**Student:** 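Take a look at this one; I'll ask things after.
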Amino acid sequence: MKKVISLLFFSGLVAGALAQDFNKNLASARSSYASGDLENARFAMEQLLNNLDAAIGKEVLAMLPTAMGSLNYNQKDDNVTGSSAGIASGLYVHRTYGVHPKSATIDIINNSPMIASINAILNTPLIGGMMRNDNQKVVKVQGYKSILQKSENSDTAKTSFELQVPFNNTLLTFKMDDTNEGEITQFANSIPISKIAQVAQ
């Protein structure tokens with residue numbers, strides 16, 4: 001954590017309003033702790049960590065491609081928060097590309113509740129064998145073991161894919177509609193996963 005805080009300050013990421021919120025929450029946590037008000041100290045620390053996660057999320061968002069082939073990113077849909085819609089505490093990054101029916105989505109969630117089950121499928125042959133089916137397979141993307149799930153819309157006969165890439169305690173999910181395995185794999189390789197893993201840890 002000290003490494004992340006140092007990185008944020010030295011890179012100038014914590015700036016402007018974010019720096020003010022960070023410093024305010026840090027001061028509040030210190031004074032609450034010093035006065036024995038542990039409940040408010042904890043709350044201020046949670047807010048401080050949310051500020052850090054949001055700052056890291058902005059850095060991760062800047063690393064993501066602005067296009068996937070002919071699909072440009074939808075800037076208005078970009079979302080970075082210090083928690084994933086209130087579900088879990090941690091980093092949450094969201095970006096979309098294109099418009100329906102040809103579209104793609106990247107979600108990066110730190111402390112995802114799905115990490116344990118995905119790692120079990122990837123790293124435990126017995127569990128992985130029982131949970132796999134004809135539409136699911138284990139692939140490697142940039143050296144990371146991942147799960148690729150295929151689904152077909154019975155009405156349109158269009159194929160969609162979802163790629164889940166776990167690293168450290170973070171899950172990157174890349175979904176694409178109206179595509180094929182070769183295309184989603186090609187686009188997934190344009191995402192700087194190892195750089196994101198370094199920043200998000």
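Please read all numbers here as calculations on a predicted model, not as lab measurements.
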**Student:** Below 4.5 Å, heavy atoms only, C-beta onward: do Val93 and Leu64 meet side chain to side chain?
**Tutor:**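 The answer is yes; the side chains approach within 4.5 Å.
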**Student:** Apply side chain to side chain contact (heavy atoms under 4.5 Å, CB included) to Thr156 and list each qualifying residue two or more places apart in sequence or on a separate chain.
**Tutor:**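 Per chain and number, Thr156 pairs via side chain to side chain contact (heavy atoms under 4.5 Å, CB included) with Asn153, Lys158.
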**Student:** Can you sort out the partners of Asn135 under side chain to side chain donor-acceptor pair (under 3.5 Å), two or more places apart, ordered by chain and number?
**Tutor:**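 Partners of Asn135 under the side chain to side chain donor-acceptor pair (under 3.5 Å) test: none.
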**Student:** Without placing hydrogens or testing angles, list every side-chain donor-acceptor pair under 3.5 Å for residues 166-174, not counting sequence neighbours.
**Tutor:**
| from | atom 1 | to | atom 2 | distance (Å) |
| --- | --- | --- | --- | --- |
| Asn168 | ND2 | Ala197 | O | 3.4 |
| Asn169 | ND2 | Asn110 | OD1 | 3.4 |
| Asn169 | ND2 | Asn111 | OD1 | 2.7 |
| Thr170 | OG1 | Asn110 | ND2 | 3.2 |

**Student:** Check whether any side-chain heavy atom of Tyr144 sits under 4.5 Å from a side-chain heavy atom of Ile193, and report yes or no.
**Tutor:**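 With C-beta onward as the side chain, the pair touches.
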**Student:** With a 4.5 Å cut-off on side-chain heavy atoms, are Val141 and Asn189 touching?
**Tutor:**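 Asn189 reaches Val141 side chain to side chain.
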**Student:** With the side chain counted from C-beta on, respond yes when Phe161 and Gln149 share a heavy-atom pair under 4.5 Å apart, and no when they do not.
**Tutor:**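 Side chain of Phe161 against side chain of Gln149, heavy atoms only: no contact under 4.5 Å found.
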**Student:** Can you measure from CE (Met114) to CD1 (Ile121) and round to the nearest 0.5 angstrom?
**Tutor:**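 Reported value, rounded in 0.5 Å steps: 8.0 Å.
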**Student:** Counting C-beta onward and ignoring hydrogens, is there a side-chain heavy-atom pair between Ile106 and Ile191 closer than 4.5 Å?
**Tutor:**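 Of all side-chain heavy-atom pairs linking Ile191 with Ile106, at least one is under 4.5 Å.
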**Student:** Taking all atoms of both residues into account, what is the closest heavy-atom pair of Leu91 and Ala200, and its distance?
**Tutor:**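 That closest heavy-atom pairing would be CD2-CB, 3.8 Å.
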**Student:** Can you find a pair of side-chain heavy atoms, one from Ile147 and one from Leu163, that are under 4.5 Å apart?
**Tutor:**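 A side-chain contact under 4.5 Å is absent here.
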**Student:** For Thr96, which residues count as a side chain to side chain contact (heavy atoms under 4.5 Å, CB included) partner, sequence neighbours excluded?
**Tutor:**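 For Thr96, the residues satisfying side chain to side chain contact (heavy atoms under 4.5 Å, CB included) (neighbours in sequence not counted) are Asn74, Asp77, His94, Thr105.
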**Student:** Atom OG1 in Thr185, atom CE in Met176: separation rounded to 0.5 Å?
**Tutor:**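 Separation between the atoms: 11.0 Å.
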**Student:** Only counting residues at least two apart or in another chain, list the ones meeting salt bridge (Lys or Arg N to Asp or Glu O under 4.0 Å) with Lys175.
**Tutor:**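 Partners of Lys175 by the salt bridge (Lys or Arg N to Asp or Glu O under 4.0 Å) criterion, ordered by chain and then number, come out as Glu162.
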**Student:** Which pair of non-hydrogen atoms, one from Gln142 and one from Ser194, has the smallest distance, and what is that distance?
**Tutor:**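 What the structure gives for the nearest pair is OE1-N, 4.4 Å.
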**Student:** Between Ser35 and Ser32, what is the shortest heavy-atom contact and its length?
**Tutor:**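 Closest pair (atom of Ser35, atom of Ser32, distance): OG-O, 3.1 Å.
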**Student:** To the nearest 0.5 Å, tell me how far Lys150 NZ sits from Asn180 CG.
**Tutor:**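 Answer rounded to 0.5 Å: 9.5 Å.
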**Student:** State yes or no: do Leu52 and Met45 share one hydrophobic cluster built from I, L, V, M, F, W and Y residues joined by side-chain heavy-atom distances below 4.5 Å, directly or via other members?
**Tutor:**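 They do not share one cluster, since no chain of ILVMFWY contacts under 4.5 Å joins Leu52 to Met45.
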**Student:** Could you grab the distance from atom CG of Leu61 to atom CE of Met63, nearest 0.5 Å is fine?
**Tutor:**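 Going from CG on Leu61 over to CE on Met63, the span is 10.5 Å.
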**Student:** State, with a plain yes or no, whether a side-chain heavy atom of Ser146 is found less than 4.5 Å away from one of Gln164.
**Tutor:**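 A side-chain contact is absent here, since even the closest heavy-atom pair is not under 4.5 Å.
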**Student:** Can you list the residues that meet the side chain to side chain contact (heavy atoms under 4.5 Å, CB included) rule with Ser160, with sequence neighbours excluded?
**Tutor:**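 Result, side chain to side chain contact (heavy atoms under 4.5 Å, CB included) vs Ser160: Ser151, Asp177.
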**Student:** Can you measure from CG (Leu49) to CD1 (Ile56) and round to the nearest 0.5 angstrom?
**Tutor:**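 Those atoms lie 9.5 Å apart.
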**Student:** Let's go through Tyr73 and Gln75 carefully: what are the C-alpha distance in whole Å and the side-chain angles of both, what is the deciding distance for side chain to side chain contact (heavy atoms under 4.5 Å, CB included) to 0.1 Å, and is it a yes or a no?
**Tutor:** CA-CA 6 Å; Tyr73 85 113; Gln75 187 174 7; 3.7 Å; yes
**Student:** Identify the two heavy atoms, one from Ser190 and one from Pro65, that lie closest to each other, and give their separation to 0.1 Å.
**Tutor:**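 For Ser190 versus Pro65, the nearest heavy atoms are O-CG, 3.6 Å.
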**Student:** Other hydrophobic cluster members with Leu38, side-chain heavy atoms of Ile/Leu/Val/Met/Phe/Trp/Tyr under 4.5 Å, chained?
**Tutor:**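 Same cluster as Leu38: Tyr33.
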**Student:** Run the side chain to side chain contact (heavy atoms under 4.5 Å, CB included) test on Leu148 and Val138 for me, step by step, so that the C-alpha distance in whole Å, both residues' side-chain angles and the decisive distance to 0.1 Å come before the verdict.
**Tutor:** CA-CA 6 Å; Leu148 183 64; Val138 174; over 6 Å; no
**Student:** Any sub-3.5 Å donor-acceptor pair from Ser31's side-chain atoms to Ala27's backbone N or O?
**Tutor:**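 Yes, because the side chain of Ser31 sits within donor-acceptor range (under 3.5 Å) of the backbone of Ala27.
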**Student:** Can you name the residues that form a side chain to side chain donor-acceptor pair (under 3.5 Å) with Glu152, not counting sequence neighbours?
**Tutor:**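 Applying side chain to side chain donor-acceptor pair (under 3.5 Å) to Glu152 gives none.
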**Student:** Under the salt bridge (charged side-chain N to carboxylate O under 4.0 Å, His left out) definition, can you give me all pairs with a residue in residues 98-118, not counting sequence neighbours?
**Tutor:**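 Output for this query lists Lys102-Glu183.
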**Student:** Atom OH in Tyr97, atom OG1 in Thr66: separation rounded to 0.5 Å?
**Tutor:**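 Atom-to-atom, Tyr97:OH and Thr66:OG1 are 7.5 Å apart.
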**Student:** Looking at every heavy atom in both Ala44 and Ala29, which two are closest together, and how far apart are they?
**Tutor:**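 The answer is CB-N, 3.5 Å.
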**Student:** Can Lys195 and Glu59 be counted as an ion pair, charged N to O under 4.0 angstrom?
**Tutor:**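 Result for this pair is no, no salt bridge flagged.
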**Student:** For Ser154, enumerate each residue passing the side chain to side chain contact (heavy atoms under 4.5 Å, CB included) test, keeping only those at least two apart in sequence or located in another chain.
**Tutor:**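 Ser154 satisfies side chain to side chain contact (heavy atoms under 4.5 Å, CB included) with no other residue.
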**Student:** Decide side chain to side chain contact (heavy atoms under 4.5 Å, CB included) for His100 and Asp178; before the verdict, give the C-alpha distance in whole Å, the side-chain angles of both, and the deciding distance to 0.1 Å.
**Tutor:** CA-CA 9 Å; His100 184 74; Asp178 190 12; over 6 Å; no
**Student:** Please, which pairs that meet salt bridge (charged side-chain N to carboxylate O under 4.0 Å, His left out) have at least one residue in residues 38-52, sequence neighbours excluded?
**Tutor:**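 Qualifying pairs, neighbours excluded: Arg42-Glu46.
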**Student:** With sequence neighbours left out, what residues match Asp78 under side chain to side chain donor-acceptor pair (under 3.5 Å)?
**Tutor:**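 Partners of Asp78 under the side chain to side chain donor-acceptor pair (under 3.5 Å) test: Arg95.
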